Amino acid sequence: MKKVRFAPSPTGSLHVGNALSAVANRGFGDWLLLRIDDTDPARNVPGGDEELLRDLEWLGVEWDEGPVRQSERGERHVEAGRQLGERFEGVTLLREDGTPTYHLASVVDDVDFEITHIVRGNDHRPNEELHRRLFEALGATPPEVVHHGLILGEDGKKLAKRAEGATVASLRDAGIPPEAVRRYLYELGLPKHDVHYDLPRIRRLAIEAIGALSDRELAERVGAPLELVPALRGARDLNEAREYAASILEEPERVAVDSPETLERFRELLERGDDSADPKELVRELKAVGGDLRALRLALTGRDRGPELWAVVAALPHGEALRRIDAAL
RNA sequence: GCCCCCGUCGACUAGCGGCCUAGGUCACGGCCCUUUCAAGGCCGUAGCACGGGUUCGAAUCCCGUCGGGGGCACCA
């Protein structure tokens, strides 16, 4: 059985690079320990671990044990550190104040939790040798180590946390469905070399993820009634879908409309309620008589852009549509 | 400076000696659809870092060069 661990520092919302590690570990291991590496108080941000957990849950990454906080295992680390000698090969294992450093805490925990495989970013590669010797000094068999490439920004440097879409939270806030993020990270797999962050790719996957949602799921995520779904299709992310929903649900602001004939014609067709009640057919008829469809959209939604007009008409109850027409006239 | 990784279209990759005048996806460009922004459909531009080997044959194997990244902390 492959026992792996994902061990982020609680520095707030998960960086996509860390998320890559999380997904990679989940995909690689049979058993996953979630460990919070909080040995450096200076790095920890308040509430950082809760944010972390929330991000992992949102991504759908599940763990089998934990979260284990390293700060709670300090005594065990110190004990192991004494055993190894505080100047182990010239590397500091215990700080002057007696607290353990990352190297010590990480290896001791990996030993105690019987981790068999370590999957982590390239930035840890230089630690591999030291850690291997620490494992051996502790009388344990060093785990197999797999390093994966880092996610780079446009500048070719490690993606800054401030960069657009660099944190899981920012993607969630941008209305990207979790499936899209997970899929992107899954596609990257265990990159051998560093890779450029591809936000357009995530946006693409978001479109596909939304397309794959059933009507009911889409309505639920957007928080809109089921009848609105036809008008929601074509949105590129959940935020856009919410905006589409709002354009139909919200009372339009009072707008000046130039083409009363088109609105009146629309009202007639709607009231007649025969074949032309089919929204597509209705729009086609208005188009055939050279109607001002732009004015109609404006009257119905208060906006000059949005879902295709027939979808707006379909999503709007007739009574409400008539009311908005009257208000605009 | 030293150590470690890596190098196929703009991006992510397929390729693991002949099936490659290099395939896919995204991005980009064009057309269609849409009296809107999108979504969708069709078409297109574009790449094996360079130089030596090995071989009948190299994107694929070897060496060198160049390029990129990471590290050289009482940070993780």
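Quick note: numbers below take in every heavy atom, side chains included, and nothing from hydrogens, waters or symmetry partners. Nothing here was measured: the structure is a model prediction, and the numbers come from that model.
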State whether the distance check finds a donor on one side and an acceptor on the other, under 3.5 Å, for side chain [X] versus base [N].
X: A/Tyr184; N: B/C26; value: no
X: A/Arg294; N: B/U36; value: no
X: A/Asp198; N: B/A27; value: no
X: A/Arg43; N: B/C75; value: yes
X: A/Glu96; N: B/C74; value: yes

Exercise. Can the ring centroids of A/His131 and A/Tyr102 be said to lie less than 6.0 angstrom from one another?
Worked result: yes

Exercise. Which base, if any, makes a Watson-Crick or G-U wobble pair with B/G29, both distances under 3.5 Å?
Worked result: B/C43

Seminar exercise, completed: Taking a pair to mean Watson-Crick or G-U wobble geometry with both distances below 3.5 Å, B/C2 pairs with B/G71

Closer than 4.0 Å, any side-chain N/O of [X] to the OP1 or OP2 of [N]?
X: A/Thr39; N: B/A76; result: yes
X: A/Arg204; N: B/A27; result: yes
X: A/Arg201; N: B/G10; result: no
X: A/Arg95; N: B/C75; result: yes
X: A/His196; N: B/C12; result: yes

Problem set entry | Taking every non-hydrogen atom, the tightest pair across A/Ser21 and A/Gly121 | OG-N, 4.0 Å

With a cut-off of 3.5 Å and sequence neighbours excluded, list every side-chain donor-acceptor pair involving residues 185-192 of chain A.
{"residue": "A/Glu187", "atom": "OE1", "partner": "A/Arg201", "partner atom": "NE", "Å": "3.1"}
{"residue": "A/Glu187", "atom": "OE1", "partner": "A/Arg201", "partner atom": "NH2", "Å": "3.4"}
{"residue": "A/Glu187", "atom": "OE2", "partner": "A/Arg201", "partner atom": "NH2", "Å": "2.6"}

Exercise. B/G69 base stacked by A/His193? Criteria: ring centres under 5.5 Å, plane angle under 30°.
Worked result: no

Exercise. Once you round it to whole Å, what is the distance between C1' of B/G70 and CG of A/Leu159?
Worked result: 15 Å

Problem set entry | Spacing of A/Lys192 atom NZ relative to B/A14 atom C1', expressed in whole Å | 15 Å

